[in-house]
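When reading the values below, keep in mind they use all heavy atoms of this one structure, side chains included, and skip hydrogens, waters and symmetry mates. Remember, predicted model here, so these are calculated numbers, not experimental data.
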Amino acid sequence: MLQKATRAIRPAIVRRALAVWGLCLASAVASAAGPLPKVRIAPDGRGFQTADGKPFAPMGVNYFRPGTGWAPQLWKQFDADATRRDFARMKEIGVNCVRVFLSYGSFFTEPDSLRSDGIAKLDRLLDIAETAGIYIHPTGPDHWEGLPPWASGDRVADERVLAALENFWKQLAARYRGRGALFAYDLLNEPSVSWDTPVMRTKWNRWLASRYGSAEKAAQAWRVRPEALRWGEQPPPAPKALADDPQLLDYQRFREEIADQWTRRQVAAIKSADPEALVTVGFIQWSVPAVLPGVQHYAAFRPDRQAPLLDFLEVHFYPLARGFYTYAGEEDELRNLAYLECVVREVAAPGKPVVLAEFGWYGGGKLTINRGTHPPATEEQQAAWCRHAIETTEGLATGWLNWGLYDHPQARDVTQLTGLWTVEGKPKAWSREFQALAGRLSSARVPPRQLGPRPKLDWDRAITDPKALDQFREEYLRAFRASRVSGRPDTH
């Protein structure tokens with residue numbers, strides 16, 4: 001009995017010793033290679049390269065672990081050993097960049113200082129990533145682990161919150177100045193300017209006073225009588241689509257200026273501490289109003305206005321051209337790919353690098369969200385959609401980060417089945433497709449793509465009368481379809 005137990009234990013001891021030796025060897029190789037070279041904007045301004053001149057395209061994931069609740073608590077439940085294993089496996093399939101969500105709860109509970117325990121965990125994550133040869137892309141403080149009272153109001157327009165964010169970035173950027181493993185800072189995940197808050201009302205009336213100077217001039221521009229206005233206390237317009245409404249268009253432009261100020265101040269704070277740091281913002285797809293549920297859903301982070309303030313642009317996209325995409329057929333996919341191209345084209349138009357920093361869709365089972373109404377999808381359907389999304393945007397974008405590494409059953413949205421791996425860590429079909437794409441794209445210089453004829457998005461009309469977009473989308477779909485049927489006249 002004892003001999004049998006001993007014989008069983010010995011192979012396990014050998015396996016553990018070999019595993020430890022392998023980790024030590026990997027660490028030694030990484031140490032010999034030295035720190036990761038800093039990523040910079042390429043000389044042509046359309047892509048990235050490392051400090052040693054090698055082309056670089058971010059290929060990776062948004063990282064959070066399953067089993068930590070929803071929203072995931074990467075930091076409060078930080079597991080260095082599990083993270084180390086994840087990064088080693090990610091490296092095997094070609095991941096070179098990982099986006100992580102910093103949180104108020106772990107990093108910024110007080111408006112004038114960073115939490116030392118959170119910073120210690122970020123230090124460890126950067127060390128783990130650098131050993132694996134993977135860059136880290138942190139986002140600005142978010143609500144994933146709760147919001148302190150001082151940050152629970154209007155997080156874009158409120159001066160107190162914005163001043164605190166300037167403090168946050170100055171301290172964080174100073175700590176990691178020149179750190180090669182840090183790819184870039186993302187100011188916030190999917191920011192959007194509120195429609196009607198007390199601080200927005202105050203700033204709206206200041207904006208009106210600056211723009212028009214008097215009720216009479218404002219009334220003339222808006223084609224109303226002066227007595228119809230409450231000059232100095234003018235409320236925001238009702239968020240209703242009204243074609244050719246000059247007051248509504250003014251309000252949308254005011255919201256864009258609020259977004260610009262928010263971005264400008266935080267970028268300045270980062271650059272004051274680390275002039276070489278790359279900075280971007282993770283735009284929600286409603287930043288491009290090609291599809292807009294309502295005028296109030298327009299995020300007001302307009303790419304062509306934001307581009308001069310940022311080193312490169314990011315946008316997130318999910319296939320929602322006509323509701324929840326359920327792999328119903330080729331026509332449905334084509335419509336969503338046309339929508340995707342339209343969004344990324346608008347973000348790429350200013351001429352700066354673009355990263356599709358969140359994308360993906362579900363596969364490998366049936367979602368439980370929305371009372372289980374969505375049909376199940378196979379891993380192969382997920383892999384095909386994600387591959388087509390990259391192929392459609394290649395040359396407009398020069399980086400792609402999947403939404404999630406693992407499936408996340410605790411999620412209350414499509415994240416339940418968007419991973420490269422199952423919740424148990426089994427590679428999915430999309431993982432294999434990703435590995436092939438990463439092998440081709442991650443260290444290649446992706447040349448810009450020149451699209452064939454496409455209709456122009458009337459931006460001002462889109463943000464005041466979203467129903468007017470129906471015709472535009474049909475025209476865009478026809479042009480997109482024609483480019484594919486004719487053998488794709490688009491060129492690199």
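Under the 30°/60° scheme for interplanar angles, the aromatic rings of Tyr325 and Trp385 are found to be tilted. Ring orientation note: the planes of Phe48 and Phe312 are nearly perpendicular, at an angle over 60° on the 30°/60° scale. In this structure, Trp150 and Tyr104 have perpendicular ring planes: the angle between them is above 60°, well past the 30° mark.
Checked for salt-bridge contact, Arg265 and Glu166 meet the test: a charged N lies under 4.0 Å from a carboxylate O. A salt bridge is defined here as a Lys NZ or Arg NE, NH1 or NH2 lying under 4.0 Å from an Asp or Glu carboxylate O, and Lys352 with Asp311 fails to meet this definition. Residues Arg454 and Glu346 are not paired through a salt bridge, judged by the lack of any N-O separation under 4.0 Å between the basic side chain and the carboxylate. Ionic pairing of Lys456 and Asp458 is not present here: no N-O contact between side-chain nitrogen and carboxylate oxygen is shorter than 4.0 angstrom. Electrostatic pairing of Lys428 and Asp407 counts as a salt bridge here, judged by a charged N lying under 4.0 Å from a carboxylate O. The residues Glu394 and Arg440 are annotated as salt-bridged, a charged nitrogen and a carboxylate oxygen being separated by less than 4.0 angstrom. Salt-bridge annotation for Arg253 and Asp460: present, with a side-chain N of the basic residue lying under 4.0 Å from a carboxylate O of the acidic one.
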From CA spacing to verdict: side-chain contact (heavy atoms from CB on, under 4.5 Å), Asp186, His137: CA-CA 7 Å; Asp186 172 3; His137 183 22; 3.6 Å; yes

Between Glu257 and Arg302, is a salt bridge (charged side-chain N to carboxylate O under 4.0 Å, His left out) present by the stated rule, with each step listed? CA-CA 10 Å; Glu257 287 196 18; Arg302 183 169 174 163; over 6 Å; no

Exercise for the section: Evaluate the criterion side-chain contact (heavy atoms from CB on, under 4.5 Å) for residue pair Tyr406 and Asp86; output intermediate values, then yes/no. Expected result: CA-CA 10 Å; Tyr406 292 95; Asp86 287 345; 2.4 Å; yes

- For Tyr298 and Ile284, run side-chain contact (heavy atoms from CB on, under 4.5 Å): C-alpha distance rounded to whole Å, both residues' side-chain angles, the deciding distance at 0.1 Å, then the answer. CA-CA 9 Å; Tyr298 173 51; Ile284 194 171; over 6 Å; no

Between Thr68 and Leu74, does the side-chain contact (heavy atoms from CB on, under 4.5 Å) criterion hold? Intermediate values first, please. CA-CA 7 Å; Thr68 60; Leu74 173 62; over 6 Å; no

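Put simply, the side chain of Pro455 does not reach to within 4.5 Å of the side chain of Gln471, judged on heavy atoms. Residues Asn336 and Tyr318 are not in side-chain contact: their nearest non-hydrogen atoms beyond the backbone lie 4.5 Å or more apart. Side-chain contact between Phe359 and Val344 is absent, with no heavy-atom pair separated by less than 4.5 Å. Looking at Val295 and Trp195, their side chains come closer than 4.5 Å, going by heavy atoms from C-beta outward. At a threshold of 4.5 Å between non-hydrogen side-chain atoms, the residues Leu340 and Phe480 do not count as touching. The shortest side-chain heavy-atom distance between Pro58 and Arg99 does not fall under the 4.5 Å cut-off. The side-chain heavy atoms of Val100 and Val98, taken from C-beta on, include a pair separated by under 4.5 Å. A 4.5 Å side-chain heavy-atom check between Gln261 and Leu162 finds every atom pair outside the cut-off.
Contact record, Ser103 with Trp75: OG-CD1, 3.9 Å, taken as the closest heavy-atom pair. For Gln416 against Ala411, the heavy-atom pair with the smallest separation is NE2-O, 3.0 Å.
A search for side chain to side chain contact (heavy atoms under 4.5 Å, CB included) contacts involving Thr378 returns Glu380, Gln381, not counting sequence neighbours. Asp154 pairs by the salt bridge (Lys or Arg N to Asp or Glu O under 4.0 Å) definition with nothing, not counting sequence neighbours. Remark: His316 pairs with no residue by the ring-ring contact (aromatic ring centres under 6.0 Å, His included) rule, at least two apart or across chains. With sequence neighbours excluded, the residues satisfying ring-ring contact (aromatic ring centres under 6.0 Å, His included) with Tyr63 are Phe87. In this structure Arg223 satisfies the salt bridge (Lys or Arg N to Asp or Glu O under 4.0 Å) test together with Asp244, sequence neighbours excluded. Looking at residues two or more places apart in sequence or on another chain, you find a ring-ring contact (aromatic ring centres under 6.0 Å, His included) between Phe101 and Trp144, Trp403. Residues passing the salt bridge (Lys or Arg N to Asp or Glu O under 4.0 Å) test with Asp274: none are found, sequence neighbours excluded. Remark: Trp430 pairs with Phe434 by the ring-ring contact (aromatic ring centres under 6.0 Å, His included) rule, at least two apart or across chains. For Glu475, there are no salt bridge (Lys or Arg N to Asp or Glu O under 4.0 Å) partners at least two apart in sequence or on another chain.
Contacts classified as salt bridge (charged side-chain N to carboxylate O under 4.0 Å, His left out) and involving residues 136-145 (residues at least two apart or in different chains) are given here: Asp142-Arg155. For residues 281-297, the set of pairs meeting the side chain to side chain donor-acceptor pair (under 3.5 Å) definition, not counting sequence neighbours, comprises Gln285-Tyr339.
Side chains of Thr280 and Glu314: no donor on one and acceptor on the other come within 3.5 Å. The closest side-chain donor-acceptor pair between Gln306 and Asp260 falls under 3.5 angstrom. When only modelled atom types and interatomic distance are considered, Thr464 and Gln252 share no side-chain donor-acceptor pair under 3.5 Å. No hydrogens or angles considered: nothing links the side chains of Gln382 and Tyr327 as a donor-acceptor pair under 3.5 Å. Using a 3.5 Å distance cut-off with no hydrogens or angles, the side chains of Gln234 and Tyr251 do not pair a donor with an acceptor. Side chain to side chain, Trp400 and Thr393 meet the donor-acceptor criterion of an N or O pair below 3.5 Å.
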Which pairs of donor and acceptor atoms, one on a side chain in residues 208-221, lie under 3.5 Å apart (sequence neighbours left out)?
| from | atom 1 | to | atom 2 | distance (Å) |
| --- | --- | --- | --- | --- |
| Arg211 | NE | Asp250 | OD1 | 3.4 |
| Tyr212 | OH | Asp250 | OD2 | 2.5 |
| Ser214 | OG | Lys217 | N | 3.3 |

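Within the 3.5 Å criterion, the main-chain N or O of Glu233 finds a donor-acceptor partner in the side chain of Asn205. At distances below 3.5 Å, at least one donor-acceptor pair connects side-chain atoms of Lys203 with backbone N or O atoms of Ala157. Between the side chain of Lys38 and the main chain of Ala277, no donor-acceptor pair closer than 3.5 Å is present. A donor-acceptor pair is defined here as one N or O able to donate and one able to accept, closer than 3.5 Å; no such pair exists between the side chain of Lys54 and the backbone of Ser443. At distances below 3.5 Å, at least one donor-acceptor pair connects side-chain atoms of Arg255 with backbone N or O atoms of Val193.
Within a 6.0 Å sphere centred on CD of Glu331, other residues, nucleotides and ligands contribute more than 12 heavy atoms. Atom CZ of Arg461 has 12 or fewer heavy atoms from other residues, nucleotides or ligands within 6.0 Å. Within a 6.0 Å sphere centred on CD of Glu330, heavy atoms belonging to other residues, nucleotides or ligands number 12 at most. Counting non-hydrogen atoms of other residues, nucleotides and ligands closer than 6.0 Å to CD of Glu276 gives a total of 12 or fewer.
Interatomic distance, His374 NE2 to Thr368 OG1, rounded to the nearest 0.5 Å: 10.0 Å.
Aromatic pair Phe324/Trp361: ring centres closer than 6.0 Å.
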